[in-house]
Number of protein chains: 2
Amino acid sequence: MAAEPAEPAHGETVGHIVARLRDDILARRIAPGERLVESELTSRFSVSRGSIREALRLLAAEGFLEHLPNRGAIVRRLTVQEIGELFQIRAELEALAARLAAEAAADPQQRAGFEAAIAPIFDERPREPCAYLAENAAFHAAVMTLAGNRQLRDLALRLHLPLIMAQAAEALTPQALAASVREHRVIAAAILDSDPIAADAAVRAHLARAAAIALASTRAGSGK
Amino acid sequence: MAAEPAEPAHGETVGHIVARLRDDILARRIAPGERLVESELTSRFSVSRGSIREALRLLAAEGFLEHLPNRGAIVRRLTVQEIGELFQIRAELEALAARLAAEAAADPQQRAGFEAAIAPIFDERPREPCAYLAENAAFHAAVMTLAGNRQLRDLALRLHLPLIMAQAAEALTPQALAASVREHRVIAAAILDSDPIAADAAVRAHLARAAAIALASTRAGSGK
DNA sequence: TCCCTCAAGATTGTCGGACAATATCACGCG
DNA sequence: CGCGTGATATTGTCCGACAATCTTGAGGGA
């Protein structure tokens, strides 16, 4: 494991390590189930064990790691059941967000901000699976922002959505990506039409399809 | 601040401190906005500063504390807006749980467990506000358990519901408590009838009333 | 040969002290 | 009375240490 050159400012050590490890996990540079040994991390990041321990606790609280007493931390692997349950929850929360967003779209200023944020989904170029994860996240974040419920936005970030996507990234075929983009456009149209019922339905349909893909992929990939 | 005699076992230090401080916060022994100084806590609990820091990080991740860089941790105070947003989310999640629970109630074994768990709500004795918080939490937990979605249950615990209740505890008049118990019975009846639609509606009505009380109380109590 | 036991090594949990960086506050100056 | 400035308090981080626990593998018995 190579040493890390960039030195973060005072007071940013733990945050820097958290961000670094989170990226590593989402990019699959650290495999699910892999163990994170404190002594290895101290040498990799050149920081004290105390900072490493704080970072690991935080990542465990965010759901990226599992903390096993006396046995360290391992990268969390979501089971098929967990993914199914999470999508069930996401459907409710995102449907709520879509309804709220459809109402908020009446305000010209908010509407303009939303339109700017989702502009990329009207781009016709084909998508790369990896880059699309970011575009997808940005779209859903834009809906959450327009909805105006801060707690909802914060909560959505803790639904292990990035973890799920990372686990299912290999299942993103060009067809699936194109379908996802189309569904996003339907959602956006309903919101911009200030039609809460249509927006609600569009979001649920979109997530049902996304869930099916994620579940199939995980089942195939030994996701017990 | 008195010293703490009971010594937890090895490997339980941090968890013990977290539990202790969480109780203190929920019981209002530590006021919202109050600052938690690491050195004070080390002497109170007779543990090292490292353990205290880990405990504070965890409590911040759970939402009980706010962590201000270089300025320590303070007990979180929810604003009227935050409480409103949280109830909006809770309504969706608990309504989902009620629907799932109504379906799960068809299974005799699960039904029996649920009936046992909610038995206290059919008790006719008057309630004490403080003790009722526990009974209320137990009821909602029982619904979540019957629903069978683990992620939903875990997530509901992070909705700062205990914090809200603690903030609004003084608003729990005998009338409000009696109304809450009656509403619980309506919810339970709908679930035991395996009627998802009625259960959904009953939960939303219950939470709408609870939200009104919590918001009014917080507004009155300088909850900006 | 295979299984069980147990000791050595590896790793985590916790402690204590130390110092720099930052925030807070009281004091004195203008 | 406002304002800068230094003293103080507190946090952020590092280091070294040791006990508790887990893991691993060697050795002995069936």
Side-chain angles (χ1 to χ4, degrees), chain A residues 1 3-22 24-25 30-62 64-77, chain B residues 1 3-22 24-25 30-62 64-77:
Chain A
M1 204 67 77
E4 309 271 334
E7 296 286 326
H10 181 82
E12 283 303 318
T13 307
V14 172
H16 175 254
I17 294 170
V18 167
R20 228 47 167 56
L21 289 177
R22 186 167 31 209
D24 285 345
I25 292 169
I30 310 179
E34 189 170 325
R35 199 168 158 195
L36 295 175
V37 178
E38 294 177 1
S39 59
E40 286 177 10
L41 297 174
T42 58
S43 55
R44 171 177 166 193
F45 290 110
S46 303
V47 299
S48 73
R49 207 153 71 91
S51 300
I52 292 293
R53 286 178 63 83
E54 284 190 18
L56 293 182
R57 291 270 193 186
L58 287 179
L59 285 167
E62 285 182 37
F64 291 102
L65 300 179
E66 251 173 292
H67 180 81
L68 312 173
N70 286 310
R71 297 202 287 133
I74 64 174
V75 177
R76 181 166 181 185
R77 161 181 282 133
Chain B
M1 203 66 77
E4 308 272 334
E7 295 286 327
H10 180 83
E12 284 301 318
T13 307
V14 171
H16 176 255
I17 295 170
V18 167
R20 230 42 170 56
L21 289 177
R22 186 167 32 207
D24 285 345
I25 292 169
I30 310 178
E34 190 170 324
R35 200 168 156 195
L36 294 176
V37 178
E38 294 177 2
S39 58
E40 285 176 11
L41 296 174
T42 59
S43 55
R44 171 177 165 194
F45 291 109
S46 304
V47 299
S48 71
R49 206 154 70 90
S51 300
I52 293 293
R53 286 177 63 81
E54 283 191 18
L56 293 181
R57 291 270 194 186
L58 287 179
L59 285 167
E62 285 183 36
F64 290 102
L65 300 179
E66 252 173 292
H67 180 81
L68 314 173
N70 286 311
R71 296 202 289 134
I74 64 173
V75 178
R76 181 166 180 183
R77 164 181 279 131

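Both backbone and side-chain heavy atoms feed into the values below; hydrogens, waters and symmetry mates do not. Every value quoted in this text rests on a predicted model; they were computed, and no experiment measured them. Within every chain, numbering begins at 1; the chains are lettered A, B, ... in the order of the sequence lines, protein sequences first and strands thereafter.
- Judged by closest nucleotide on DNA chain D, B:Gly72 is the one of B:Gly72 and A:Ser51 placed further toward the 5' end.
- For the pair A:Arg57 CZ and D:dG12 P, the computed distance is 17 Å after rounding to whole Å.
- Counting to the nearest Å, the C1' atom of D:dC15 and the CZ atom of A:Arg53 are 15 Å from each other.
- Residue A:Ser48 has no polar side-chain atom (N or O) positioned under 4.0 Å from OP1 or OP2 of D:dC15.
- Counting non-hydrogen atoms under 4.0 angstrom, A:Ile52 reaches nothing in the nucleic acid.
- The side-chain heavy atoms of A:Leu65 and A:Ile74, taken from C-beta on, include no pair separated by under 4.5 Å.
- At a threshold of 4.0 angstrom between heavy atoms, the contacts of A:Gly50 with the nucleic acid are absent.
- The distance from the CZ atom of B:Arg71 to the CD atom of B:Glu66 is 10.0 Å, given to the nearest 0.5 Å.
- In this entry the distance linking CD of A:Glu12 with C1' of D:dT11 reads 13 Å, nearest Å.
- Here the P atom of nucleotide C:dT12 and the CG atom of A:Leu65 are 12 Å apart, to the nearest Å.
- For B:His67, the listed nucleotide lying nearest its side chain is D:dG12; candidates were C:dT14, D:dG12, D:dC14.
- A:Ile17 CD1 to A:Thr42 OG1: the interatomic distance, rounded to the nearest 0.5 Å, is 9.5 Å.
- The nearest whole Å value for the distance from the CG atom in B:Leu68 to the C1' atom in D:dG12 is 14 Å.
- Rounded to whole angstrom, the span from the CZ atom of B:Phe45 across to the C1' atom of C:dC15 amounts to 17 Å.
- A close approach under 4.0 Å does not occur between any side-chain nitrogen or oxygen of B:His16 and OP1 or OP2 of C:dT14.
- Between the CZ atom of B:Arg35 and the P atom of D:dA9 there is a distance of 12 Å, given to the nearest Å.
- With hydrogens and angles ignored, a donor-acceptor pair under 3.5 angstrom links the side chain of A:Arg49 to the base of C:dT14.
- The phosphate of D:dA9 (OP1 or OP2) has no side-chain N or O of B:Ser39 nearer than 4.0 angstrom.
- Distances from the side chain of A:Thr13 to the nucleotides D:dT13, C:dT12, D:dT11 place D:dT13 closest.
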Walk me through whether A:His16 and A:Val47 qualify under side-chain contact (heavy atoms from CB on, under 4.5 Å). CA-CA 11 Å; A:His16 175 254; A:Val47 299; over 6 Å; no
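- The CG atom of A:Leu21 sits 4.0 Å away from atom CZ of A:Phe45, with the distance rounded to the nearest 0.5 Å.
- Within the 4.0 Å cut-off from OP1 or OP2 of D:dT11, not a single side-chain nitrogen or oxygen of B:Arg71 is found.
- Of the side-chain N and O atoms in A:His10, none sit less than 4.0 angstrom from OP1 or OP2 of D:dC14.
- Listed nucleotides C:dC15, D:dG12, C:dT12 differ in distance to A:Glu38; the shortest reach to its side chain belongs to C:dT12.
- Distance B:Asn70 CG to C:dA20 P: 16 Å, rounded to the nearest Å.
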